[in-house]
Amino acid sequence: MVGMYLALFTFNARVPFLKVLANIPLVFFIGALPITPGGLGTSNAALVTLFEPFVTGPAIASGAVAAGDLIFSFSLIWLFANYAMKALTGVICLKLVSKDLFKATPEVPEEEAERQAPYVSGNI
């Protein structure tokens, strides 16, 4: 949530920190509802609706851009950056962990397996 607050500074826009703390959990909840894939669109609409009255910045004050347009642009960039971060993390973790998933295991005799797992009781 703090990351989203700080990322708004790249757009030279400000939203009161308490509004971010209060509204971001609601945006995350709306994005988690199974309405659209990955919350694409629903979380963006929730961000625009909840933050539009509170966002300020020089571009908004001069009339160069509407508050809703700025928040929508920010939310799309945030969403795709989040997807890229998750994909990169997944690739790194898969590369590091997948080697251990496919290691050959030592063959254990049936009697030894029964002794090691008595709760299975004859189903091995």
Side-chain angles (χ1 to χ4, degrees):
M1 290 188 292
V2 173
M4 191 168 285
Y5 174 75
L6 295 174
L8 274 168
F9 288 120
T10 61
F11 281 77
N12 204 12
R14 307 287 183 267
V15 175
F17 186 67
L18 290 177
K19 296 296 180 187
V20 173
L21 286 179
N23 291 332
I24 290 298
L26 185 60
V27 171
F28 288 164
F29 175 73
I30 291 170
L33 293 175
I35 298 171
T36 61
L40 185 61
T42 54
S43 58
N44 302 77
L47 264 170
V48 170
T49 303
L50 293 172
F51 286 160
E52 188 174 17
F54 306 109
V55 67
T56 59
I60 296 168
S62 69
V65 66
D69 296 340
L70 186 120
I71 293 293
F72 183 68
S73 300
F74 162 76
S75 68
L76 283 176
I77 291 173
W78 179 265
L79 186 77
F80 289 122
N82 192 3
Y83 285 155
M85 180 191 66
K86 288 177 183 177
L88 181 65
T89 304
V91 166
I92 291 170
C93 289
L94 183 64
K95 185 168 178 70
L96 295 175
V97 175
S98 66
K99 294 175 188 173
D100 295 336
L101 293 175
F102 298 104
K103 281 185 181 176
T105 58
E107 190 64 34
V108 177
E110 187 174 334
E111 297 80 27
E112 179 64 22
E114 291 282 348
R115 190 186 62 73
Q116 289 179 1
Y119 51 87
V120 178
S121 65
N123 291 326
I124 295 181

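The first residue in the sequence is number 1, and the count goes up from there.
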Between Ser43 and Leu40, is there a donor-acceptor pair closer than 3.5 Å when you use the side chain of the first and the backbone of the second? no

So Val20 and Phe51, do their side chains get closer than 4.5 Å, heavy atoms only? yes

Stepwise, does the side-chain contact (heavy atoms from CB on, under 4.5 Å) test hold for Leu26 with Ile30? CA-CA 6 Å; Leu26 185 60; Ile30 291 170; 4.1 Å; yes

Would a distance-only check, ignoring hydrogens and angles, find a side-chain to backbone donor-acceptor pair under 3.5 Å from Ser62 to Ala59? yes

In Å and rounded to the nearest 0.5 Å, what is the CZ to CD1 distance from Phe54 to Ile71? 11.0 Å

With side-chain contact (heavy atoms from CB on, under 4.5 Å) as the criterion, how do Lys95 and Ile92 come out once you've worked through the C-alpha distance, each side chain's angles and the decisive distance to 0.1 Å? CA-CA 5 Å; Lys95 185 168 178 70; Ile92 291 170; 5.9 Å; no

In one Ile/Leu/Val/Met/Phe/Trp/Tyr side-chain cluster, 4.5 Å: Phe74, Val2: yes

Provide the closest heavy-atom pair for Ile60 versus Ala67 in the form atom of the first, atom of the second, distance. CD1-CA, 3.9 Å

Main-chain N/O of Lys19 paired to Asn23 side chain as donor or acceptor, under 3.5 Å: yes

With a 6.0 Å cut-off (strictly less than), is the heavy-atom count around OH of Tyr83, excluding the residue itself, greater than 12? yes

Could you give me the CA-CA distance, side-chain angles and deciding distance for Ile24 and Leu50, then say whether side-chain contact (heavy atoms from CB on, under 4.5 Å) is met? CA-CA 9 Å; Ile24 290 298; Leu50 293 172; over 6 Å; no

Determine yes or no for a side-chain-to-main-chain donor-acceptor pair under 3.5 angstrom, with Thr10 supplying the side chain and Ala7 the backbone. yes

Linked, directly or transitively: Leu21 and Phe9 (ILVMFWY side chains, under 4.5 Å): yes

Take Met4 and Leu47, measure what side-chain contact (heavy atoms from CB on, under 4.5 Å) needs, and give me the verdict at the end. CA-CA 11 Å; Met4 191 168 285; Leu47 264 170; 4.0 Å; yes

Single-linkage hydrophobic cluster Leu6~Val55, side-chain heavy atoms < 4.5 angstrom: yes

Under 3.5 Å, side chain of Asn44 to main-chain N/O of Gly41, donor-acceptor pair present? yes

How long is the straight-line distance from CE of Met85 back to CZ of Phe80, given to the nearest 0.5 Å? 14.5 Å

